[in-house]
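The next block holds one structure in the form of structure tokens; read it before the comments.
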Amino acid sequence: MSLTDIPTPRHIPDRLSGQGARILRSWELLLFVIAVLIFLANTQASPYFLDPWNLSDATFNFTEKAMVAFAMALLIIAGEIDLSVAGIIALASTAMGWALQFGVGTPGLIFIGLGVGLLCGAFNGVLVTRLGLPSIVVTIGTMSLFRGLSYIVLGDQAFNGYPTDFAWLGRGYVVWVISFELLLFVVLALIYGAVLHFTNFGRHVFTIGNNATAARFSGIRVERVKMILFLLTGLMSGIAAVCLTARLGSTRPSIASAWELEIVTMVVLGGVSILGGSGSILGVVIAALVMGMVTFGLGLLNVPGIVMSIFIGGLLIGVIALPRLFRLLRRGRV
Amino acid sequence: MNFSSEIAEPVEVAAHPVLRLSGITKTFPGVRALSGVELALYPGQVTALVGENGAGKSTLVKILTGIYQPDEGRIEVDGTEIRFPTATAASNAGVTAIHQETVLFDDLSVAENIYLGHAPRGRFGLIDWAGMNAGAQDILTRIGARLDPRTPLRDLGIASKHLVAIARALSIEARVVVMDEPTAALSQAEIEELYELVDRLKSDGKAILFISHKFDEIFRIADRYTVFRDGEMVDDGLIADVSENQLVEKMVGRAVDTIFPERHRAVGDEILTVAGYAHPTEFADINFKLRRGEILGFYGLVGAGRSEFMQALFGVTRPSKGAVRIDGKIAVIRSPAQAVARGIVYVPEDRGKQGAITAMPIFQNVTLPSLGRTSRSGFLNLAEEFALARTYSERLDLRAAALDQPVGELSGGNQQKVVIAKWLATRPKVIILDEPTKGIDVGSKAAVHAFMAELAAEGLSVIMVSSEIPEILGMSDRVIVMREGRIAAEFDREGLTPEKLVRAAAGYKESAA
């Protein structure tokens, strides 16, 4: 043993062997299996499920939420959270509806929707990064603030009468059954996946979530990265507001009610650690598919909405608890 | 094992060990942390466990306290085999540990910390507060600690927290006390108090496992020793039978130069000038110059403001006044990112919190500040990253299973190497090392010193904050002594003595030059 102790530079391999085993044990694979099972269950449950137009319809259950979930995933990986996203959607939608009264056209409406989203994100970001307040508290506050503004403007009224070309953003199809929203979802998933997993910025996001102090001590501009993430989350909420308003064709102050929890659920179900530091966009995409299919499948069976939330809640707890349960059982057997 | 020679020695070794480990093996993915380790602890005796960082000491402590399960081997208490599937099981069997950084709860009172998990219960199963406070007072008095059991732990210093940890050990009627570098954060006076306490525990018949890197204290309080090297037990015996040099050789497996590396000063042009640096509370009026290839030591007592100043120089905090020139040009440093961009890097004292991102792989830690160089228009290039990380890891003789291993799985000395590699990869002009060898073993220490000398010879300027006088004297070309946030004295290496340093740091005026 001591003969090998001569201090010559040792070669250190890049990676340990066993990459295959790591993929087999990954969260994404487990989630994918669940997605397939739910898909099969849906085909058994209803003969109409496999119809292409039905499947296409099913995607509307998750596309808008998933757009926000991508940005939220980055924010949660960096150790922050934004619970005001549904409030931002309401305020952005209200602003568009208000502008509509002055005859603003589709490009103007889109600009206003995205602009309000960015402004709300900036407001959250400044409070968190400049004043150093905890994001969960700030965004619980702005959640009520943004939606409250929407209630003040609208009361129990609604804005209607969006133009047809605007409605295309929520109801239009690009080719055959591929809707504009579905295409947008795919493009955004690719962009966010690339940003998180293949860029320096993405590496900084993971680093900050693991240890913000050491990240700062390593020369990363922690506050700037977080500010960008809040802006992105606001912007994505603005995009979701445009799509949702276009699809519904009207704005009520209760629009996108309780979406923030569904979006956070989607992110966590996708394997993003709520404590920050780990996760993947692929996981969030599969989680979006799972949640969308469950909602749609139960809808085909005429199951009431409350049962759907019970099912989603149970699924979340089950998927999080199962791997840990297996680990405990394995240890108990030794 | 080599105790065959002293069979007839009249040493009062109790016939039966309280705790005996045999054939303990523990492997982690890619690393064998312990293989076939033997250890016996006897009542009323202090056994010193020595070994370099990464020799397996911490793994053993975790097995003893039920945090890790061994893959193979037996644990016996009083001759009967036992398992510690949980930390509670170990504690119930009478094994308790006092860690380097005490695992206590700042928001609870002294008494609550002492009795956490086994508080005396009154009616309805509620905590018997009066009984608990009285019991805590009793134990504290027994160990000579003048603490109020109702004080919140937050208000205590590190030394007092150690006393609370020890009181906790006594409250669960521990028979085996594991002390993992208990003196690492203590002052000299506090260390003396700890020694007395260890003597008291000994006379109470406790078996003590004492882990330390400091040989003076091992020879002061230990009765026996056990040496670990690369996860194996290489020797054990009585302290009286070995010398310090023999012990070091056993640890390292070769003779270690206690002499610092030979350096010839080839100091070049001025590279860094600090003028009038001040902070509202931490330091004031800091002026000095640093030359290319120079090692400048910063000595002072704990709390003299050295680390605070260095962190301001690195842009973590902002100075209220003062200017920095690099290569003669004024440099504004408002954030670590700016400091790095201008060639100043900082290896912090607190590795775990400020230095390494322990959950992330080695290569990602190393390339973190150099991503701009390894990437193309913002996109990662893994091949370049691995190449850069390999260059610096191998240069620092890093011991790791693979470059994608999380840094947290490495020993303290190797984590420090990762942090240093991270900064060298940025090709800095000035590297600030804050207590670079604190808590790392003799072998790694010598390696860090040799490396520091090598860097200086290549023209890198080094600022070394250290509280160890031999290190300051052995490595520095010049020494600045800080006291109460100000520069108290500046010395050249020639003719500098420990006495001069201590006087300057403590504020005594020198009578004659």
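Fair warning: this is a prediction, and the values are worked out from it, not measured in the lab. In the text below, chain A, chain B and the rest are named by the order of the sequence lines, each starting its count at 1.
Note: A:Gly219 leads A:Gly202, A:Gly219, A:Ala212 in heavy-atom pairs under 4.5 Å with chain B. If you tally non-hydrogen atom pairs under 4.5 Å between each of B:Val316, B:Val340, B:Thr358 and chain A, the highest count goes to B:Val316. When each of A:Arg221, A:His204, A:Arg216 is checked for heavy-atom pairs under 4.5 Å with chain B, A:Arg216 comes out on top.
Side-chain contact between B:Leu398 and A:Ile12: present, with at least one pair of heavy atoms (C-beta onward) separated by less than 4.5 Å.
A 6.0 Å sphere centred on CZ of B:Arg427 holds no more than 12 heavy atoms belonging to other residues, nucleotides or ligands. Within a 6.0 Å sphere centred on CZ of A:Phe32, heavy atoms belonging to other residues, nucleotides or ligands number 12 at most. Within a 6.0 Å radius of CG in A:Leu190, more than 12 heavy atoms belonging to other residues, nucleotides or ligands are found. In the displayed structure, A:Phe111 atom CZ is contacted under 6.0 Å by at most 12 heavy atoms of other residues, nucleotides or ligands. For A:Phe123, the CZ atom counts as loosely surrounded, since its 6.0 Å shell holds 12 or fewer non-hydrogen atoms of other residues, nucleotides or ligands.
Going from atom OG1 of A:Thr207 over to atom CG of B:Leu368 covers 4.5 Å, rounded to the nearest 0.5 Å. One finds the OG1 atom of B:Thr374 at 6.5 Å from the CG atom of A:Asn200 (value rounded to the nearest 0.5 Å). Note that OG1 of A:Thr199 and CG of B:Leu371 are 9.5 Å apart. Values are rounded to the nearest 0.5 Å.
B:Lys353 touches chain A through its backbone: at least one of N, CA, C or O sits under 4.5 Å from a heavy atom, while the side chain does not. With a 4.5 Å cut-off on non-hydrogen atoms, A:His197 touches chain B through its backbone but not through its side chain. Contacts between B:Gln364 and chain A at a heavy-atom distance below 4.5 Å involve backbone atoms as well as side-chain atoms. Within the 4.5 angstrom heavy-atom criterion, atoms from both the backbone and the side chain of B:Phe379 approach chain A. Looking at B:Thr367, only its side chain comes within 4.5 Å of chain A, counting heavy atoms on both sides. Of the atoms belonging to B:Leu382, it is side-chain heavy atoms, and not backbone ones, that fall under 4.5 Å from chain A. Neither the backbone nor the side chain of B:Ala341 comes within contact range of chain A, judged by heavy atoms closer than 4.5 Å.
Shortest non-hydrogen contact noted between A:Pro13 and B:Ala401 is CG-O, 3.1 Å. Contact between B:Gly355 and A:Ala214 at its shortest, heavy atoms only, is O-CB, 4.1 Å. Scanning all heavy atoms of the two residues, the minimum distance from A:Ala215 to B:Ile357 falls at N-CD1, 4.5 Å.
Of the possible donor and acceptor atoms, none in the side chain of A:Asp14 sits under 3.5 Å from a partner among the backbone N and O of B:Ala402. Judged by distance alone, with hydrogens and angles left aside, the side-chain atoms of A:Arg15 form no donor-acceptor pair with the main-chain N or O of B:Leu403 at under 3.5 Å. Of the possible polar contacts, none joining the B:Gln354 side chain to the A:Phe217 backbone as a donor-acceptor pair under 3.5 Å is found.
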